[in-house]
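Both counts, for ligands and for their atoms, begin at 1 and track the order of listing.
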Amino acid sequence: MTVDLPAAGVPEHLAEVHARIRAAESRFGRAPGSVALLAVSKQQPVEKLRAAYAAGQRAFGENYLQDAIPKLDLLCDLAGIEWHFIGRIQGNKTRPIAERFAWVHSLCDLGHARRLAAQRPPALPPLRACVQVNLSGEATKGGLAPEAVGDFLAACAGLPGLAIVGLMTLPAPAEGEVAQRAPFAALRMLRDRLASPACPLPELSMGMSDDLEAAVAEGATIVRIGTAVFGPRG
Ligand SMILES: *Cc1c(COP(=O)(O)O)cnc(C)c1O
């Protein structure tokens, strides 16, 4: 008898994604364990997040604040769970991100940076942030133009409560590893150019279900994986 539980398959899919990451680390000469898995749980039911947590996953990424907050409430019993905000920051809705998330991957507005810094509760560690970079110039996508990132980092320096730890990108889907690697290489080179002792930018948040190998090849330290872990979004 098979029972169609909503979270069936999540532990197996998670194990498969870990195996893909390990294989890519080995193939591209990356240190074992140097690529972290962020499980992107947007539009997924909390049962699936619980199943992933039970299988050892701790970092979860959400895109939409209004969907995320009820999930954070429902899962507040899970010790050590870590929430990452990866979606577009809507208007001035920064307070729930500052108060309840550990990371934001989609920072690209100085007003948002200042608000997040001011709203971060002093009792919490600084909010870790990646600056989102729009490498393709697609007008519909969030992110700063590469030329604007240096000034943005300088303007964020010294904001209390906010630690800029790296760069993030979300390229248009591409076929084949060569085409997939190009924007990831561009993000890595931008990081190499902008990193300084005061702002070393160790993190590169890049790679999703269909292009994680290409991202690992180009230096990703965090891959953001949704469908390969949780299945199609509801
Ligand atoms: C949805 C999403 C992902 C995950 O995409 P999959 O293709 O489902 O792995 C990663 N990053 C961002 C910013 C997303 O919105």
Side-chain angles (χ1 to χ4, degrees), residues 6-7 9-21 23-24 35-46 48-49 51-52 55 57-69 71-72 82-90 93 97 101-109 112 127-136 138-144 165-177 179-181 183-184 186-188 203-234:
V10 168
E12 293 80 5
H13 292 150
L14 198 54
E16 282 163 19
V17 171
H18 279 296
R20 279 177 67 188
I21 293 171
V35 181
L37 169 58
L38 177 64
V40 175
S41 49
K42 65 179 180 215
Q43 296 166 260
Q44 300 286 359
V46 289
K48 290 193 178 185
L49 282 74
Q57 183 65 30
R58 291 295 176 271
F60 293 87
E62 288 282 335
N63 285 58
Y64 310 104
L65 214 42
Q66 63 276 26
D67 297 342
I69 296 305
K71 284 184 183 172
L72 269 64
E82 183 180 273
W83 293 102
H84 294 229
F85 189 78
I86 64 171
R88 198 182 278 261
I89 299 172
Q90 305 270 356
K93 288 204 201 127
I97 301 173
F101 285 76
W103 286 66
V104 56
H105 291 236
S106 43
L107 187 64
C108 55
D109 177 281
H112 291 159
L127 180 66
R128 299 166 74 82
C130 291
V131 177
Q132 185 173 351
V133 185
N134 183 341
L135 292 160
S136 56
E138 288 169 279
T140 56
K141 284 251 171 86
L144 290 176
V165 294
L167 305 181
M168 177 273 219
T169 198
L170 182 64
E175 288 293 323
E177 215 166 83
Q180 289 176 351
R181 282 177 68 158
F184 298 145
L187 193 72
R188 172 175 49 78
E203 307 287 350
L204 290 175
S205 168
M206 59 190 196
M208 312 198 293
S209 293
D210 290 332
D211 55 15
L212 85 81
E213 284 81 7
V216 172
E218 295 297 347
T221 60
I222 304 173
V223 290
R224 309 179 310 267
I225 310 296
T227 47
V229 171
F230 293 114
R233 286 180 271 277

In Å, rounded to the nearest 0.5 Å, how long is the span from [atom1] of [X] to [atom2] of [Y]?
X	Y	atom1	atom2	value
W103	I86	CH2	CD1	13.0 Å
R233	K48	CZ	NZ	10.5 Å
S41	I225	OG	CD1	13.0 Å

Next item on the list: Using a 4.0 Å heavy-atom threshold (strictly under), name the region of T227 that reaches ligand 1: side chain, backbone, both or neither.
Entry: both
Numbering the atoms of ligand 1 from 1, which are under 4.0 Å from a heavy atom of [X]?
X	answer
I225	9 (O)
N63	14 (C), 15 (O)
R224	4 (C), 9 (O), 10 (C), 11 (N), 12 (C), 13 (C)
R233	1 (C), 8 (O)

Next item on the list: For Q44 and G231, work out which heavy atoms get closest and say how close.
Entry: NE2-O, 3.1 Å
Margin query: Can you give me the closest heavy-atom contact between R20 and S209, atom names plus distance?
Written below: NH2-O, 2.8 Å
Margin query: Judged on heavy-atom distance to atom 5 (O) of ligand 1, which of M208, R88, H105, M206 sits nearest?
Written below: M208
Check: Under 30°, 30 to 60°, or over 60°: which ring-plane class applies to H105 and H84, parallel, tilted or perpendicular?
Finding: tilted
Check: Does any N or O atom in K42 lie less than 3.5 angstrom from one in ligand 1, N or O only?
Finding: yes
Item checked: Polar proximity ligand 1 side, G226 side, N/O cut 3.5 Å exclusive -> yes
Item checked: Nearest protein heavy atom with distance in Å, relative to atom 12 (C) of ligand 1 -> I86 CD1, 3.6 Å
Checklist line | Nearest-neighbour protein heavy atom for atom 6 (P) of ligand 1, which is reported as residue plus atom name and distance | finding: S209 OG, 3.5 Å
Item checked: side chain to side chain donor-acceptor pair (under 3.5 Å) between E203 and T221, intermediate numbers included -> CA-CA 6 Å; E203 307 287 350; T221 60; 2.7 Å; yes
Next item on the list: Keeping the roles fixed (side chain from R224, backbone from V40), state whether a donor-acceptor pair exists under 3.5 Å.
Entry: no
Note to self: I'd like to know whether ligand 1 has D210 as a neighbour, heavy-atom separation below 4.0 Å.
What the structure shows: no
